[in-house]
Trainee: 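Dropping a structure here in structure tokens format, bear with me for questions.
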Amino acid sequence: MAQVIQAIRGMHDILPRDIPYWRRLEEVFRRVAQSYGYEEIRLPLVEKTELFVRTIGEVTDIVEKEMYTFEDLNGERLSLRPEGTAGCVRAGIENGLLHNQVQRLWYGGPMFRHERPQKGRYRQFHQLGVEAFGMAGPDIEAELILFTARLWRELGIEGLELQLNSLGSLAARQAYRERLVAYFSAREAQLDEDSRRRLHSNPLRILDSKNPAMQSLIAGAPRLSDWLDEDSATHFAELRALLDAAGVAYVINERLVRGLDYYEKTVFEWVSDRLGAQATVCAGGRYDRLVEQLGGRPTPAAGFALGMERLLALLREGGREMTPASPLVYLVMAGAGTATAGLCLAERLRDAMPALGVRVNCGGGSFKSQMKKADRSGASIALILGEEELAEGVVSIKFLREDRPQQRIAQDAVVAWMRRWTGHEA
Ligand code: ATP
Ligand code: MG
């Protein structure tokens, strides 16, 4: 036997039995997006590598070590998208969607990061993301957060905690960063390897360290909130007041710095205590300088992205069983001429009732083996077309899931019968 080729580590098939959960998340998201007036945009999976280097930041984990980057046949350096914001901003500028306009956009799909695969962390994973352009105030941030809170409610996901922080303006953060580097440099011997590496490249990320040995050192570090510029502090207070008024609970987490360089002012995460180390299901914030950084006119912006796999883990754990849609009808055909007649009968049924779900037994087989397949298909009824039925212009109906006697009806009456029966079922 030929050797089996397996999927790439960290990249997973989504099987039919998983699909109902994915569909539900997608449908609820679509509905909520619609109810806030957001429009869908679809973006390429591959972009120029430079786009991500310029937006996400050269010294972030993503760009430093997680990107799938390759040269295509023209010698261009390209990357599989590790996130959606960069591509969305690029598309917004390129298509003239951002200048002097307000845009509320959403997108979804696979993202790629070469991380160590583990529960809740994959190399191909899926996000649903939202970006709002042209609005500088905290009101749009409140809207984004209300959007997510409504999403959890409609999905029936409980127990998520909203964590908020303000990173301040770039200048304020720069000043704070210097203080932080001074603090950690004076205690360099106590830093772990990761933190030592970040000390001069991305010192704020040290605050985000999960290493228990680092915690007391981090607790004693200068606090970002003491360095906030006045504008950011007011902005943050206004956001909190809006959330209070709307009844959204949150906690301030001063260590929330996010892994991407482009955020400023508000950042937020929704965190679960039921997912182990991969606890964040949704993350976002404000990124007012990104559009300009990519060659557009200055445009304030804010957004978030949610990790679908992590949310689905919660949905599965808490929610009702969801099973894939089964066909309602399984067509069994046995005897000369029945295959052709059956194929045509099934087409007539689909013409009249496109939502019915008719699975035709292809590949022949004995009556008994076909009935077995009908049962395994999950169908509610078997339509049986044997030589006798064919000769008489009728079809037999066998109920597979309820104790009812078999019926015989004229082929011309099948559509009418089905209409009555599905009405009765519903
Ligand atoms: P983490 O700290 O868990 O690495 P992140 O800060 O890198 O997350 P973002 O870039 O903000 O994550 O992406 C938004 C969301 O996408 C995350 O909150 C998470 O739910 C999900 N996500 C990110 N990376 C992965 C991954 N490798 N596998 C599965 N989901 C992911
Ligand atoms: Mg990450």
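Both counts, for ligands and for their atoms, begin at 1 and track the order of listing. These numbers come from the heavy atoms of this one structure, side chains and all, not from hydrogens, waters or symmetry mates.
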Trainee: Name all residues meeting the salt bridge (Lys or Arg N to Asp or Glu O under 4.0 Å) criterion together with Glu27; count only those two or more places apart in sequence or in a different chain, and write none if there are none.
Mentor: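 If we apply the salt bridge (Lys or Arg N to Asp or Glu O under 4.0 Å) test to Glu27, skipping adjacent residues, there are no hits.
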
Trainee: Could you tell me which atoms of ligand 1, counted from 1 in the order shown, lie closer than 4.0 angstrom to a heavy atom of Gly307?
Mentor: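 Those of ligand 1 that fall under 4.0 Å from Gly307 are 15 (C), 16 (O), 20 (O), 21 (C).
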
Trainee: Under 4.0 Å from ligand 1, counting heavy atoms only, is it the side chain of Thr280, its backbone, both or neither?
Mentor: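 Both parts.
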
Trainee: Given Arg121, Lys119, Glu83, Glu269, identify the one with the heavy atom nearest to atom 2 (O) of ligand 1.
Mentor: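 Closest candidate by heavy-atom distance is Arg121.
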
Trainee: For Phe29, run the ring-ring contact (aromatic ring centres under 6.0 Å, His included) check against Tyr38, Tyr107, Phe304, Trp106 and tell me which one passes.
Mentor: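 Of all the options given, the one that passes is Trp106.
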
Trainee: Would Gln127 count as a contact of ligand 1 if the rule is a heavy atom under 4.0 Å away?
Mentor: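 Yes.
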
Trainee: Just to be sure I'm reading this right: ignoring hydrogens, which of Gln118, Arg123, Arg113, Glu66 gets closest to atom 10 (O) of ligand 1? Compare them by their nearest heavy atoms.
Mentor: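 Minimum heavy-atom distance to atom 10 (O) of ligand 1 goes to Arg113.
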
Trainee: Going by distance alone, is a donor N or O of one side chain under 3.5 Å from an acceptor N or O of the other, for Glu131 and Thr85?
Mentor: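 Looking only at side-chain atoms, Thr85 and Glu131 do form a donor-acceptor pair, the distance falling under 3.5 Å.
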
Trainee: Return the set of residues passing salt bridge (Lys or Arg N to Asp or Glu O under 4.0 Å) with Arg116 (not counting sequence neighbours), or none when no residue passes.
Mentor: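 Arg116 satisfies salt bridge (Lys or Arg N to Asp or Glu O under 4.0 Å) with no residue once adjacent residues are dropped.
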
Trainee: Is the ring centre of Phe268 less than 6.0 Å from the ring centre of Tyr250?
Mentor: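 That pair fails the under 6.0 Å test.
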
Trainee: If you count the atoms of ligand 1 from 1 in the order shown, which ones are under 4.0 Å from a heavy atom of Ala283?
Mentor: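 Counting from 1, the qualifying ligand atoms are 11 (O).
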
Trainee: Please confirm whether Glu115 comes under 4.0 Å of ligand 1, counting heavy atoms of the residue only.
Mentor: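 A heavy atom of Glu115 does come that close to ligand 1.
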
Trainee: Salt-bridged, Asp351 to Arg348, with N to O below 4.0 Å?
Mentor: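 Judged by the 4.0 Å cut-off on N to carboxylate O distance, Asp351 and Arg348 do not form a salt bridge.
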
